[in-house]
Amino acid sequence: MTPYNTLIDSHAHIYGPEFKDDFADMLKRAEEAGVGEIIVVGTDVATSRAACELATRHENLYCAVGIHPHDAATVTEKCYEDIRHMVNSCTKVVAIGEIGLDFYRDRSPRHLQEEVFRRFIRLAREVSLPVIIHDRDAHDRVMAIVMEEDAGAVGGVFHCFSGDLQMASRCIDLGFHISIPGTVTYPSNENLRQVVQGTKIEKMLVETDCPYLTPVPHRGKRNEPAYVSITAAG
Ligand SMILES: [Zn+2]
Ligand SMILES: [Zn+2]
């Protein structure tokens with residue numbers, strides 16, 4: 001049983017080589033820091049499968065399966081089938097993600113990012129799972145697609161939320177949560193702190209997005225789930 005007041009790291013990429021040497025210790029530190037559960041999020045077919053495998057092996061881990069917009073150009077019909085198969089065969093899958101649009105790095109052509117994002121929202125609705133949305137420099141298109149595909153029917157979370165307070169209210173009105181990463185501790189991130197101050201706590205989640213986005217005072221080092229307590233405290 002998870003105690004009532006534990007934290008959940010809603011977004012972690014802990015299947016990579018960064019955690020290979022101290023995986024068990026890392027989980028232990030998370031538990032000691034009050035992190036009761038961790039959602040391991042896939043970014044492509046291979047890492048989604050790895051997330052399922054970890055969640056199957058560890059009671060406190062859950063997983064999300066999906067394909068990141070960076071990889072949209074590589075998505076084939078087989079990828080959708082593979083992800084659907086994971087949903088049907090792994091009981092620890094709690095969401096479809098991460099999916100979305102990244103117009104900051106533009107690693108895949110935008111029209112393909114949009115098509116893949118739509119397809120995964122449709123899959124999420126079909127299997128009745130919430131979505132984990134990645135939105136970087138693409139607020140307008142993400143919101144348009146979320147509306148057009150009626151993603152609010154399943155809801156979910158805007159991870160690493162980077163919009164303003166007005167956008168946060170729109171997301172919440174549509175049935176979504178917003179998730180706050182460790183960057184909220186960065187001195188320059190006044191915008192995100194304003195969003196947090198103006199948003200009801202029950203509509204917010206915290207996340208590490210580890211190994212990235214390490215909060216102060218550990219900034220510059222590898223991030224890990226235990227540090228989500230710093231974000232929550234901040
Ligand atoms: Zn992301
Ligand atoms: Zn991520």
Side-chain angles (χ1 to χ4, degrees), residues 7-19 26 30 35 37-52 54-55 61-75 83 86 93-108 110 112-114 116-118 120-121 124 129-139 141-143 145-146 151 155-163 167-168 171 176-184 186 189 192 195 204-215 219 222-228 231:
L7 292 165
I8 295 173
D9 181 354
S10 76
H11 195 106
H13 304 284
I14 51 175
Y15 35 66
E18 300 88 353
F19 296 100
M26 176 271 292
V35 182
E37 283 150 0
I38 300 168
I39 302 179
V40 187
V41 181
T43 59
D44 57 17
V45 168
T47 55
S48 293
R49 198 169 279 134
C52 287
L54 285 179
L61 302 185
Y62 294 83
C63 58
V65 293
I67 296 181
H68 195 284
H70 286 341
D71 293 312
T74 68
V75 172
I83 296 288
M86 292 175 212
V93 177
V94 292
I96 298 294
E98 58 184 296
I99 57 173
L101 304 177
D102 194 312
F103 293 174
Y104 178 71
R105 298 225 187 265
D106 276 325
R107 289 205 195 143
S108 285
R110 293 184 178 184
L112 290 179
Q113 293 188 38
E114 295 200 2
V116 170
F117 185 31
R118 284 181 194 276
F120 277 115
I121 293 173
L129 281 177
V131 287
I132 296 176
I133 296 177
H134 172 106
D135 160 26
R136 191 141 187 222
D137 283 2
H139 301 329
R141 289 307 296 153
V142 164
M143 291 309 279
I145 290 171
V146 159
V157 61
F158 281 69
H159 106 89
C160 281
F161 185 77
S162 59
M167 179 174 165
C171 294
F176 286 88
H177 287 69
I178 61 170
S179 181
I180 308 301
T183 51
V184 75
Y186 295 1
N189 213 340
L192 189 55
V195 168
M204 287 188 287
L205 305 176
V206 282
E207 66 173 278
T208 55
D209 202 15
C210 63
Y212 320 107
L213 308 182
T214 310
R219 194 173 179 179
R222 182 195 74 178
N223 197 6
E224 64 174 55
Y227 297 167
V228 82
T231 302

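Ligands are counted one by one from 1 in listed order, and the atoms in each one are counted from 1 as well. Quick caveat: nothing in here was measured; it's all calculated off a predicted structure. Every heavy atom of this structure was used, including side-chain atoms; hydrogens, water molecules and symmetry mates were not.
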Legend entry - Metal site angle (apex the Zn ion (ligand 2)), OD1 from Asp209 and NE2 from His11, 10 degrees: 90°
Inset, instruction - Please check if the side chain of Asp137 supplies one atom and the backbone of Phe103 the other of a donor-acceptor pair under 3.5 Å. - result: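 It does not hold such a pair.
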Inset, instruction - Hey, could you give me the CG/SG distance between Asp135 and Cys160, rounded to the nearest 0.5 Å? - result: 10.5 Å
Legend entry - Taking every non-hydrogen atom, the tightest pair across Val146 and Ile133: CG2-CD1, 3.8 Å
Legend entry - Of the N, O or S atoms in His134, the one nearest the Zn ion (ligand 1):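 Result: ND1.
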Legend entry - Nearest to the Zn ion (ligand 1) - the N/O/S atom of His159, by atom name: NE2
Inset, instruction - Check whether any N, O or S atom of His68, backbone or side chain, sits closer than 2.8 Å to the Zn ion (ligand 1). - result: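 His68 does not place any N, O or S atom closer than 2.8 Å to the Zn ion (ligand 1).
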Inset, instruction - Decide, counting backbone as well as side-chain atoms, whether Cys160 has an N, O or S atom less than 2.8 Å from the Zn ion (ligand 1). - result: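 Here the distance criterion (N, O or S atom, under 2.8 Å) is not met by Cys160, so no.
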Legend entry - the Zn ion (ligand 2) to Glu98: nearest N/O/S atom name: OE2
Legend entry - Polar side chain donor-acceptor pair, Gln113 to Ser108, under 3.5 angstrom: no
Inset, instruction - Show your working on side chain to side chain donor-acceptor pair (under 3.5 Å) between Asp71 and Thr74 and close with a plain yes or no. - result: CA-CA 6 Å; Asp71 293 312; Thr74 68; 4.8 Å; no
